Amino acid sequence: MRLLVTGGAGFIGSNFVRYILRTRPGYSILNLDKLTYAGNLENLSDVESNPHYRFHRGDICDVEAVEALLHEPVDGVVHFAAESHVDRSIADARDFIRTNIQGTHTLLDAARRARVPRFVHVSTDEVYGSLPSGKAAHEEWPLQPNSPYAASKAASDLLVRSFYQTYRFPAIIARASNNYGPRQFPEKLIPLMISNALEGRKLPVYGDGLNERDWVFVEDHCRAIDQVLHSGRPGEIYNIGFGRPVTNLEVVRSVLRILGKPEDMIEFVADRPGHDRRYALDTGKIERELGWRPEVDLEAGLVETVEWYCAHAEWIRKAKSGDYRAYYEKFYLNRSASLAQI
Ligand code: NAD
Ligand code: DAU
């Protein structure tokens with residue numbers, strides 16, 4: 001199979017590229033990524049000499065570039081590229097509207113014209129909005145996004161749906177809960193808390209810290225996407241989550257305990273505007289239809305994650321300072337790639 005993966009230099013995308021190259025011999029991947037602040041090619045330094053992998057810097061909103069890439073035959077598109085951080089969308093949603101909505105449309109349109117036989121759109125549980133206590137969103141739950149980020153993802157989901165309904169374009173939507181694991185940019189809760197704790201800085205917890213998220217280990221998510229890609233039904237939606245929402249405070253306390261740091265490093269700060277209180281997913285459909293189940297429980301996943309960050313202090317330093325950009329300039333500047341090369 002030849003896959004076009006968008007956003008493969010980001011957190012989940014880079015874990016997915018590595019997962020496929022490791023578990024699916026003979027598969028080839030072209031990684032299309034714009035390299036925004038969230039794209040870090042060092043995330044893939046261990047696979048860059050793999051003959052089945054190529055990187056192409058490009059923007060999913062660029063119609064000509066996307067159409068040119070899809071001119072070569074491809075067996076599937078896995079679409080991760082997005083602006084992904086809720087706080088940034090609250091500060092300014094412009095890039096979110098552009099990449100998440102226009103970019104998804106550009107990709108869908110080019111893939112439809114190129115008759116791409118499978119398209120997985122990576123979406124999020126945030127499209128369902130905040131869930132009442134005791135409830136878990138199934139795939140037909142109403143869309144009630146509350147942040148500009150979530151609204152842009154919900155809009156992209158509706159475009160994907162419309163391409164299936166209108167053109168029978170074989171797209172599938174995967175909606176995952178909060179991911180965590182190695183190589184997550186240290187603006188998101190878990191890597192921010194780990195890196196602050198390692199640097200002896202305060203750990204900023206929004207509001208009362210009792211907002212709940214359902215943390216799924218990134219490799220479990222990648223395995224689910226792989227199964228959706230191969231066995232998911234076109235036009236369907238699949239929720240992906242661990243199934244046990246926990247409060248932010250519990251997560252932050254666990255991080256501190258694993259690191260052997262005191263709880264008084266926690267500092268309660270002003271709440272996020274429109275902060276969703278609780279996310280919870282019903283994952284029965286993917287379990288029944290595709291046999292997927294999460295394998296990594298939160299405690300074990302947090303230990304592995306904390307250990308990874310402790311062993312990669314230089315990765316954190318570069319991510320926080322912006323020095324990771326030098327990697328692209330040193331090894332990739334003015335290089336391009338196409339599906340024909342993989
Ligand atoms: P990320 O921010 O770490 O990475 C996003 C990647 O997309 C980066 O490499 C960036 O350079 C690239 N990108 C951004 N705009 C682009 C554009 N216009 N053209 C090409 N590339 C572009 O994101 P992530 O956390 O890895 O999330 C990946 C996907 O999964 C997103 O669609 C996100 O909505 C979804 N998701 C994330 C989570 C999570 O907890 N992180 C959970 C559920 C779903
Ligand atoms: O649910 C899936 C979503 O998870 C993805 O779609 C998003 O791309 C991803 O960023 C993530 O969104 P969240 O807003 O849930 O993740 P974040 O790590 O930003 O925050 C997790 C929780 O922790 C949330 O309740 C806000 C809180 N928080 C976050 C930060 C950065 C804090 O209390 N302090 C912080 O400094």
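All values reported here derive from a predicted model rather than from experimental measurement. For ligands, and for the atoms within them, numbers begin at 1 and follow the listed sequence.
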Subject >> Tyr149 N/O under 3.5 Å from ligand 2 N/O >> reply: yes
**OP:** Please determine if Asp87 has a nitrogen or oxygen closer than 3.5 Å to a nitrogen or oxygen of ligand 2.
**Re:** no
**OP:** Compute the shortest N/O to N/O distance between Ala176 and ligand 2 and return yes if it is under 3.5 Å, no if not.
**Re:** no
**OP:** Identify, by atom number and element, the atoms of ligand 1 in contact range of Lys34, meaning under 4.0 Å from any of its heavy atoms.
**Re:** 16 (C), 17 (C), 18 (N), 19 (N), 20 (C), 21 (N), 22 (C)
Original post:
Within the structure, does Ser177 bring an N/O atom to less than 3.5 angstrom of an N/O atom in ligand 2?
Top reply: no
Original post:
Counting only heavy atoms, which portion of Lys153 has something under 4.0 Å from ligand 1: side chain, backbone, both, or neither?
Top reply: side chain
Original post:
So is there a nitrogen or oxygen of Trp215 less than 3.5 Å from a nitrogen or oxygen in ligand 2?
Top reply: no
Original post:
Within less than 4.0 angstrom of ligand 1, does Gly8 place any heavy atom?
Top reply: no
**OP:** Compute the shortest N/O to N/O distance between Asn211 and ligand 2 and return yes if it is under 3.5 Å, no if not.
**Re:** no
Original post:
Looking at ligand 2, does any of its N/O atoms fall within less than 3.5 Å of an N/O of Tyr279?
Top reply: no
Original post:
Any nitrogen or oxygen of His221, main chain or side chain, under 3.5 Å from a nitrogen or oxygen of ligand 1?
Top reply: no
**OP:** Report, in ascending order of atom number, the atoms of ligand 2 lying under 4.0 Å from any heavy atom of Leu192.
**Re:** 36 (O)
**OP:** Report yes or no: does a heavy atom of Phe185 sit under 4.0 Å from some atom of ligand 1?
**Re:** no
Subject >> Per-atom contacts, ligand 1 versus Tyr149 - under 4.0 Å to a heavy atom >> reply: 33 (C), 34 (O)
**OP:** Find all atoms of ligand 1 within a distance of less than 4.0 Å from any non-hydrogen atom belonging to Phe11, and give their numbers and elements.
**Re:** 3 (O), 25 (O), 26 (O)
**OP:** Please confirm whether Gly58 comes under 4.0 Å of ligand 1, counting heavy atoms of the residue only.
**Re:** yes
Original post:
Is it the side chain (CB and beyond), the backbone, both or neither of Leu35 that lies under 4.0 Å from ligand 1, heavy atoms counted?
Top reply: backbone
Original post:
Of the options Asn211, Asp87, Asn248, which is the one that meets Tyr206 in a side chain to side chain donor-acceptor pair (under 3.5 Å)?
Top reply: Asp87
**OP:** List in chain and number order the residues that pass side-chain hydrogen bond (donor to acceptor under 3.5 Å, both in side chains) with Asp226, two or more places apart in sequence or in another chain; answer none if no residue qualifies.
**Re:** Arg24, His230
Original post:
Among the heavy atoms of Asn178, does any lie under 4.0 Å from an atom of ligand 1?
Top reply: yes
